[in-house]
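Heads up: the structure comes next, in structure tokens.
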Amino acid sequence: MSTLSHRQASTLVRGLRFQCRTQASASPKSNNHFAYTCRPKSSKASKAQGPNASSTSTSSSQPTQSEKETLPWQEYLTIRKRKRRWETALTIPTTAAGFFAGISYFGTLEMDPTKPIFNIDPMWVYGGATLGCAGLGYLIGPIIGSTFWRLTHRRLMRLIEQRDKEFHQHIVKNRVDPTAQSATNPVPDYYGEKIGSLHDYRQWLRDQAKFRKKAAGFLSED
């Protein structure tokens with residue numbers, strides 16, 4: 001009896017499945033209506049969330065206008081360090097060029113020991129003039145290097161000049177009084193020329209603090 005009831009139940013389930021399939025195929029409009037009623041909810045939700053999500057993502061990924069108009073300090077200090085390298089790199093050849101130019105000119109002049117120049121032996125005068133040419137090349141080198149550097153950074157010059165002013169203000173505000181220096185306590189990088197990174201700037205601040213403490217102790221002993 002139980003086997004017959006089990007078979008009857010299985011046939012009944014199969015019949016119901018077949019009936020549901022035939023009704024679904026016979027009434028496609030109802031299925032489409034169900035699909036239509038379900039889709040607008042998800043589309044509305046996506047439309048409601050879409051602009052907000054896109055706006056938040058774009059606002060978080062895109063920098064603000066103020067960030068675009070300012071140069072990051074780390075990048076500025078790196079550029080400043082490269083500028084110093086440009087100036088140093090061109091100082092060497094200009095100094096050598098001035099020295100050899102002085103030798104090539106003053107070395108070919110006739111020197112008569114009996115005819116001093118300003119009561120000085122001509123050899124010393126010409127030698128000093130040659131060294132003067134080398135010194136002139138040493139002074140011109142940084143100017144030429146800075147000029148070439150500006151040509152390679154024309155697009156960022158406005159932002160760099162803005163940071164230059166702010167950096168100079170920080171240096172003037174935090175550097176020590178040079179009148180308190182001594183032979184054993186010289187002023188540590190008064191103009192901040194050696195600062196090329198944030199780490200260098202922090203070290204510069206520590207050096208200024210050490211100078212103040214040492215100067216205060218020296219004055220108290222006096």
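Between R175 and W204 the shortest side-chain heavy-atom distance falls below 4.5 Å. Considering only heavy atoms from C-beta on, T70 stays 4.5 Å or farther from L159 through its side chain. In this structure, K83 and E87 have side chains that are in contact, with non-hydrogen atoms separated by less than 4.5 Å.
The backbone N or O of F148 lies less than 3.5 Å from no partner atom in the side chain of W86, so there is not a single donor-acceptor pair. One N or O on the side chain of D200 and one on the backbone of G196 form a donor-acceptor pair closer than 3.5 Å.
Counting heavy atoms of neighbouring residues, nucleotides and ligands inside a 6.0 Å radius, atom NE2 of H199 does not exceed 12 of them.
Smallest separation of non-hydrogen atoms from P93 and A89: CD-O, 2.9 Å. Residues P142 and T91 share a closest heavy-atom pair of CD-OG1, 3.4 Å. Summarising the geometry of T147 relative to I143, their closest heavy-atom pair is OG1-O, 2.8 Å, with the distance given to 0.1 Å.
Not counting sequence neighbours, the partners of P188 by the side-chain contact (heavy atoms from CB on, under 4.5 Å) test are V176, D207, Q208, F211. Scanning for salt bridge (charged side-chain N to carboxylate O under 4.0 Å, His left out) contacts around E110 gives an empty result, with sequence neighbours left out. Y105 pairs by the side-chain contact (heavy atoms from CB on, under 4.5 Å) definition with L109, not counting sequence neighbours.
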Return all side-chain donor-acceptor pairs below 3.5 angstrom for residues 125-140, not counting sequence neighbours, or 'none' if the list is empty.
from	atom 1	to	atom 2	distance (Å)
T130	OG1	Y126	O	2.8

Can you give me every donor-acceptor pair (side chain of residues 97-104, partner residue at least two apart or in another chain, under 3.5 Å) with its distance?
from	atom 1	to	atom 2	distance (Å)
S104	OG	F100	O	3.1
S104	OG	A101	O	2.8

Identify all side-chain donor-acceptor contacts of residues 74-82 below 3.5 Å with residues at least two apart in sequence or on another chain.
from	atom 1	to	atom 2	distance (Å)
Y76	OH	D164	OD1	2.4
T78	OG1	Q74	O	2.8
R80	NH1	G192	O	3.1
R80	NH1	I195	O	3.1
R80	NH2	G192	O	3.2

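Checked for salt-bridge contact, E166 and R163 meet the test: a charged N lies under 4.0 Å from a carboxylate O.
One hydrophobic cluster, built from ILVMFWY side chains closer than 4.5 Å, holds both L156 and F167. Criterion: ILVMFWY side-chain heavy atoms under 4.5 Å apart, direct or through other members. Under it, V172 and Y191 are not part of a common hydrophobic cluster.
The line from NZ of K210 to CG of N185 is 11.5 Å long, rounded to the nearest 0.5 Å.
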Residues I171, Y190; criterion side-chain contact (heavy atoms from CB on, under 4.5 Å); working and verdict: CA-CA 8 Å; I171 295 299; Y190 184 72; over 6 Å; no

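Aromatic pair H170/W73: centroids less than 6.0 angstrom apart.
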